[in-house]
Number of protein chains: 2
Amino acid sequence: MNEQNYPEFTGLELSPRKVDYIKFIFEKKGTVKTTDISSCLQVDPSTISKTLNELASTGYLNHVPYRGVDLTEMGKTYAEFLVRRHRILSLLFTHYGLSTEEACAEVSRFEAFVSKDAVNKICNSMGHPMVGVCGEINHDKCFHEEHYH
Amino acid sequence: MNEQNYPEFTGLELSPRKVDYIKFIFEKKGTVKTTDISSCLQVDPSTISKTLNELASTGYLNHVPYRGVDLTEMGKTYAEFLVRRHRILSLLFTHYGLSTEEACAEVSRFEAFVSKDAVNKICNSMGHPMVGVCGEINHDKCFHEEHYH
DNA sequence: TGATATATTTGGAGTCATACTAAATAGTTT
DNA sequence: AAACTATTTAGTATGACTCCAAATATATCA
């Protein structure tokens, strides 16, 4: 409803690998180089370069060739959702006998296929917990969406 | 530990589509024809045929060409896990504000990526509920695994 | 500055999962 | 046995992900 929040996304627009890349870039903050992602995620730089281009052309990243990438405003908003999704789902799983590491690993495998609607419902139902197993949970966008429509 | 239960699987061996096929065959009970799957899942018969062959050569199905398929013992065991996984996860999601249909649809999208270990832990933690949102939950294999190792 | 080293990108190719069409083959019905 | 239907095979395609090798840009150092 509010173009600042890009509420039109479903949460299913990015493939698993792209989710990883965006989350990585978000958590690094600032400009990120191809090599950073390549070495941390153990993927050939050429693969990173290609995917970064795709993410730039779909509006998630600003890409200055040979210089690096950073998130667009839309990319940041989306990344916030990705991180919140990961943390909410991981937290959920730790309530059912999985360790932090297990929950994290498990969720990493499937999170790309869980919709924003589902995450918001779970988040609501859990009472918008502030702390997840992999860091704090930010509910800004979550609240906006719940309150204004 | 017990060859009757094929406890060696992780739950991640089948791709999403193969999970759909095995679950469908399991729920139909008995011999299933290519056309049954084709018309219900809205996929070209040639695609079904190919995938059925793969599932047969990896030991999940008996395939009599031009006649149909049925589950092997291993296939049945695996299918029971697939159904249990689907129901446990769907039930879980309904505890967090999702309707039966929403939970089912959501889980269908990602269930192939949730490990047997995770499912067993969740199952344990929920107290082995007997009824899920899409039918009864069978805990035979689940109990065996928990008790004997 | 210019040569060299490093980082990044591009081009080409491959795998896996999924799916289709068209043609061949088997089974069934009359 | 002819005709109809079901199934399979062969060939092709796309999307996601990957790599290697070569080209290009940037950075460093002498």
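Computed from a predicted structure; not experimentally measured. Labels below follow one simple rule: chain letters A, B, ... track the order of the sequence lines, proteins then strands, and each chain is numbered from 1.
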- Test side-chain contact (heavy atoms from CB on, under 4.5 Å) applied to Leu14(A) and Leu55(A), step by step: CA-CA 9 Å; Leu14(A) 294 187; Leu55(A) 287 167; 4.0 Å; yes
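- Note on Lys50(A): a base of the nucleic acid sits closer than 4.0 angstrom, heavy atoms only.
- A straight line from CD1 of Ile48(B) to C1' of dT9(D) spans 15 Å, rounded to a whole angstrom.
- For dA19(C), the OP1/OP2 oxygens have no side-chain nitrogen or oxygen of Thr47(B) closer than 4.0 Å.
- Taking only side-chain nitrogens and oxygens, Tyr21(A) never comes nearer than 4.0 Å to OP1 or OP2 of dC17(D).
- Nucleic acid contact class of Thr34(A) (heavy atoms, under 4.0 Å, all strands): sugar-phosphate only.
- Between Phe9(A) and Phe81(A), the distance separating the two ring centers is shorter than 6.0 angstrom.
- For Phe93(A) and Phe110(A), the gap between ring centers is short of 6.0 Å.
- At the phosphate of dG27(C), neither OP1 nor OP2 sits under 4.0 Å from any side-chain N or O atom of Arg67(B).
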- Run the numbers on Val43(B) and Ile37(B) for side-chain contact (heavy atoms from CB on, under 4.5 Å), then give the verdict. CA-CA 8 Å; Val43(B) 173; Ile37(B) 312 178; over 6 Å; no
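- Ranked by how close their nearest DNA chain D nucleotide is to the 5' end, Pro65(B) and Val43(A) are led by Pro65(B).
- Nucleotide dA17(C) holds its P atom 11 Å from the CG atom of Leu55(B), rounded to whole Å.
- Rounded to an integer number of Å, the gap from Tyr66(A) OH to dT24(D) P is 8 Å.
- Judged by distance alone with a 3.5 Å cut-off, a donor-acceptor contact links the side chain of Ser46(B) to the base of dT21(C).
- When rounded to the nearest whole Å, the span between CD1 of Ile37(A) and P of dA7(C) equals 15 Å.
- Side-chain atoms of Ser15(A) and base atoms of dC17(D) include no donor and acceptor less than 3.5 Å apart.
- Distance, Asp44(B) CG to dA13(D) C1': 14 Å, rounded to whole Å.
- Atom-to-atom, CG of Asn53(A) to C1' of dT9(C) comes out at 8 Å; the value is rounded to the nearest Å.
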